Amino acid sequence: MFLIRFQVQEEVIRVLGFTLLVGFWVLLSLDEVKSHGDHPFAKIGIHQVTFALSDTANVKAYPAVLGSKDQNSEWVTVYISNLNPSIDDWIGVFSPANFSDSTCLPENSRFSPPYLCSAPIKYQYANYTNPNYKVTGEASLKLQLINQRSDFSFALFTGGLSTPNLVAVSNTVAFENPNAPNYPRLAQGKTWDEMTVTWTSGYGIDEAVPFVEWGKIGGEQMHSSAGTLTFDRHSMCGAPARTVGWRDPGYIHTSFLKDLWPNQVYTYKLGHKLLNGTTILSQMYQFKSTPYPGQDSLQRVVIFGDMGKDEADGSNEYNNFQPGSLNTTKQLIDDLENIDIVFHIGDICYANGYLSQWDQFTSQIEPIASVVPYMIASGNHERDWPNSGSFYVNNDSGGECGVVAQTMFHVPTVNSDKFWYSTDYGMFRFCIADTEHDWREGTEQYHFIEQCFASVDRQKQPWLIFIAHRVLGYSSSLFYAVEGSFGEPMGRDSLQKLWQKYKVDIAIYGHAHNYERSCPVYENTCMNDEKNNYKGSLKGTIHVVAGGGGADLTPFAPFNTTWSIFRDYDYGFLKLTGFNHSTLLFEYKKSRDGKVYDSFTISRDYRDILSCTVDSCSSTTLAS
């Protein structure tokens, strides 16, 4: 009796100790967690602006005309002079240049619009590169602008972000052709021999006909027509996307390049034929077409989540919202000749309802997305909004409710709001889930996932990869540990039997901003003792969290789990290299230096995929 009482007391103490430890860790980590979903622009008191234009302050921007050599990005110097400077003065970059309340209507007829019609597209403190500004009142800033289909102005505010006073506005700056086609995004089509090209311009269908001029490198060029989409403020589900965060998205064009030969280099230009007969063409880009499904050749895949965007000029990132984004982007650009396809698996740019940021993001990834397919998955910061059909009822999309991501990027879905799809790349089959819609057994998406697994011919495509934004598998990130689920609640309940039955090799997730790799696992049990060189059947699925693309890092629970092999609290991305049908190399690289910090190989034959393991084979007959 005494022994039983002692064991119960010991268990109570252990549980209480665990709870206190986790609670203490949560308190220590609050500063890291609380900024998730908090956009820098949300700090600006747009409804509290005071107009105090003064002759004692002046702002000038140079050059006034940008893109004279067809550039879609240029640096501008902003000169500031203020006889009454303060340490919290800041410059806001506005586009369109006229940002007063006279240009916007109230969201509700019972309320007046804010004093500023829209949030700035970026901002920077006046003393950012001028530490003596508070004394001299003189400063200059170097700011990078991209072509966003409208003009720009630079406004000087005093009073900090929460109670801003507008004291001066600069001259107008504009690109020579603000409507020019820009920021091409390649994506795989619904068949292996199709590539889609999506881009943004200021030309509507009543002004010009969009097309792509393309062909084999050095060969005859042909024209393929493009469809045009856009959306308006009323397509947004709520604020700030349909209020102060709204900005006209321009026109989104998509062309389908069909009947491609495998492994060939094609060149292309984005084009618009104006109604007066003039043709506008972009610079020339090129891509290599997809290998035939099952083709035995070197194939290299990069995967990451939650990258977001960052500003090369250092603006509007005072709270380190996505500090690793530029490093990840740079590593991919530097190694682009060794990359065949990219998957960005949710939480794309963290615009969170400030729509100007989507242009900024597509500009940042243009050197990548214009050359290799840039495939995306839907995350909470693209889709989630109350009463919008999302599985999770929160405000993470800032009112975008999926509309912006689904329009800006093309992927081979059947229905763009049901953002799940499959795509093949040579020896790989990728099954991409949409965690912002219900995936549980019996749902439409569950049926898709099983069909994606069941329909692949593993003799031709041995490498079966499952991709989702939220962690439907395993993660020891702190917020999952606190929930007690070590992954998305209900995630494994429905799907683990599919992963096991169809022998999914690797399941990859974002959402948790870190890196973690599990053993080949099934029902919380490691099915294989090997950690780095797997030979033969895996006997389970390796689960990987790759959410360290750039946004604020997520801490781990302060203890180890039995299934976790490697975890890293840093920014990074994955690279999968298929050498042939028998050998796969997995690498985790850090964004700061591009070096490999974790890796494993899988070596096996087709018969190893066919072999039975726990819950992976149907019943057999004893009949001969």
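The figures here come from the full heavy-atom set of this structure, side chains too, leaving out hydrogens, waters and symmetry mates. On a predicted model such as this, the values are computed, not experimentally measured, just so you know.
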Taking side chain as C-beta onward, heavy atoms only, is [X] less than 4.5 Å from [Y]?
X: Ile348; Y: Glu382; result: yes
X: Tyr374; Y: Ile368; result: yes
X: Leu270; Y: Leu281; result: no
X: Ile339; Y: Arg300; result: no
X: Pro178; Y: Gln148; result: no
X: Gln286; Y: Tyr266; result: no
X: Tyr350; Y: Asp306; result: yes
X: Leu141; Y: Thr77; result: no

A quick test of your reading: do over 12 heavy atoms of other residues, nucleotides or ligands sit less than 6.0 Å from CG of Leu53? yes
Tyr292, OH atom: more than 12 neighbouring heavy atoms under 6.0 Å: no
Spell out, as yes or no, whether a donor-acceptor pair under 3.5 Å connects the side chain of [X] to the backbone of [Y].
X: Ser140; Y: Val78; answer: no
X: Thr362; Y: Trp358; answer: yes
X: Ser201; Y: Pro181; answer: no
X: Arg242; Y: Met236; answer: yes
X: Asn58; Y: Ser81; answer: no

Sub-6.0 Å ring centroid separation between [X] and [Y]:
X: Trp90; Y: Tyr123; result: yes
X: Phe152; Y: Phe154; result: no
X: Phe419; Y: His469; result: no
X: Phe99; Y: Phe94; result: yes
X: His272; Y: Tyr251; result: no

Does the distance from a Lys or Arg side-chain N to an Asp or Glu carboxylate O, for Lys575 and Asp335, drop under 4.0 Å? yes
Less than 4.0 Å between a side-chain N and a carboxylate O, is that true for Lys122 and Asp313? yes
Rounded distance (nearest 0.5 Å) linking atom [atom1] of [X] with atom [atom2] of [Y]:
X: Asp347; Y: Asp396; atom1: CG; atom2: CG; answer: 8.0 Å
X: His410; Y: Ser255; atom1: NE2; atom2: OG; answer: 10.5 Å
X: Glu213; Y: Met284; atom1: CD; atom2: CE; answer: 7.5 Å
X: Asn182; Y: Asn72; atom1: CG; atom2: CG; answer: 4.5 Å
X: Gln264; Y: Phe287; atom1: CD; atom2: CZ; answer: 10.5 Å
X: Asp310; Y: Thr328; atom1: CG; atom2: OG1; answer: 10.5 Å

Please say which of Thr200, Asp359, Asp248 ends up in a side-chain hydrogen bond (donor to acceptor under 3.5 Å, both in side chains) with Arg149. Asp359
Working for side-chain hydrogen bond (donor to acceptor under 3.5 Å, both in side chains), residues Glu366 and Tyr285: CA-CA 11 Å; Glu366 179 189 19; Tyr285 301 93; 2.8 Å; yes
Is the closest side-chain donor-acceptor distance between [X] and [Y] under 3.5 Å?
X: Gln299; Y: Thr577; result: no
X: Thr329; Y: Gln364; result: yes
X: Asp89; Y: Tyr125; result: no
X: Ser153; Y: Ser170; result: no

Could you walk me through whether His253 and Thr228 pass side-chain hydrogen bond (donor to acceptor under 3.5 Å, both in side chains), step by step? CA-CA 4 Å; His253 315 280; Thr228 299; 2.9 Å; yes
Lys NZ or Arg CZ of Lys216 over Trp261 ring: under 6.0 Å, within 45°: yes
Compute both the distance and the angle, then confirm whether Arg185 meets the cation-pi test with Phe409: under 6.0 Å from the six-membered ring centre, within 45 degrees of the axis. yes
Quick check on side chain to side chain contact (heavy atoms under 4.5 Å, CB included): which of Asn395, Val403, Asn380 does Trp385 satisfy it with? Asn395
Going through the distances and angles, do Ser390 and His437 end up as a side-chain hydrogen bond (donor to acceptor under 3.5 Å, both in side chains)? CA-CA 6 Å; Ser390 59; His437 285 88; over 6 Å; no
Applying side-chain hydrogen bond (donor to acceptor under 3.5 Å, both in side chains) to Gln322 and Lys309, what does each step give before you reach the verdict? CA-CA 6 Å; Gln322 298 139 64; Lys309 56 162 286 293; 5.8 Å; no
